[in-house]
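Count residues from 1 along the sequence. The structure presented is a predicted model; accordingly, all values stated were derived computationally and were not measured.
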Amino acid sequence: MEFRNKLFVRRLIASLLVTFALSDGVWSAGQTGARQTSPAGHTLLLKEGTEVKLKMRDKLTSKTAVEGDPVNLILDQDLKVGEATVARAGSVAVGTVSHTHKAGMLGRAGDLGLSLEYLKADDSTVRLRGTKGKQGQGKEATAVALTVLFGPIGLIKRGRNAEFQEETPLVAYVDQDTELPAVR
């Protein structure tokens, strides 16, 4: 029992010391490894509708994608409010596969759609809105021609799947006003 009380008192004193040290600014952001905020700890308002330029991190195809799968994206350019940067290029963004159809028989093209969800800016999350769709190349005319020339065997001609190549540029928009600290 006495040992538990000593342990409790030690933890209480340690937590109080940490609290006072952080509130008095004894620990600098450089010592903790955190990014510093704008002067005096002010945040900047990232307005709704601000354009956010993203790019695909990985290749995505309608052949392998499944509706609801997460899609990894990267911030293509620094995101700024005025002259202050609130998110660095290379920050992670996430989207989801909204719909997908594989290329089919009779030359039907594949179809793939993305919904852009959010951007991680340090410890903050910025909600995004935006969609992007892509359709593969259809081969219907070729399928008809093959069917006329070779009979039913021409019906097995397939279209092409839709693909987003790595580093494909995408544009999203900030979904709601968001307060973020400036990064240095």
Evaluate the side-chain proximity of [Y] to [X]: yes if any heavy-atom separation is below 4.5 Å, no if none is.
X: L60; Y: V97; result: yes
X: V81; Y: L45; result: no
X: T85; Y: L79; result: no

Measuring from [X]:[atom1] to [Y]:[atom2], what's the distance to the nearest 0.5 Å?
X: L46; Y: D177; atom1: CG; atom2: CG; result: 8.0 Å
X: H101; Y: D111; atom1: NE2; atom2: CG; result: 5.5 Å
X: T168; Y: L114; atom1: OG1; atom2: CG; result: 9.5 Å
X: E51; Y: L128; atom1: CD; atom2: CG; result: 12.0 Å
X: D175; Y: T50; atom1: CG; atom2: OG1; result: 11.5 Å
X: T61; Y: F164; atom1: OG1; atom2: CZ; result: 10.5 Å

Nearest heavy-atom pair of [X] and [Y]: which atoms, and what distance?
X: R127; Y: Q176; answer: NH1-OE1, 3.7 Å
X: G95; Y: L73; answer: N-CD1, 4.0 Å
X: G110; Y: A162; answer: O-CB, 3.8 Å
X: S62; Y: T100; answer: O-OG1, 3.4 Å
X: T178; Y: T125; answer: CG2-O, 4.2 Å
X: A65; Y: L112; answer: CB-CD1, 3.9 Å

Donor-acceptor side-chain pairing of T96 and E117 below 3.5 angstrom: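 Indeed, the side chains of T96 and E117 share at least one donor-acceptor pair under 3.5 Å.
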Under 3.5 Å side-chain donor-acceptor pair for E167 and Q165: no
Stepwise side chain to side chain contact (heavy atoms under 4.5 Å, CB included) test for Q77 and R88: CA-CA 7 Å; Q77 301 174 0; R88 295 259 180 234; over 6 Å; no
Worked check of side chain to side chain contact (heavy atoms under 4.5 Å, CB included) between V92 and I74: CA-CA 5 Å; V92 176; I74 298 171; over 6 Å; no
Steps toward side chain to side chain contact (heavy atoms under 4.5 Å, CB included) verdict (S91, L119): CA-CA 7 Å; S91 296; L119 168 72; 4.0 Å; yes
V94/V71 under side chain to side chain contact (heavy atoms under 4.5 Å, CB included): CA gap, chis, key distance, verdict: CA-CA 6 Å; V94 175; V71 177; over 6 Å; no
Criterion salt bridge (charged side-chain N to carboxylate O under 4.0 Å, His left out) against D76, the qualifying member of K55, R57, K53: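 Testing D76 for a salt bridge (charged side-chain N to carboxylate O under 4.0 Å, His left out) against K55, R57, K53 leaves exactly one candidate, K55.
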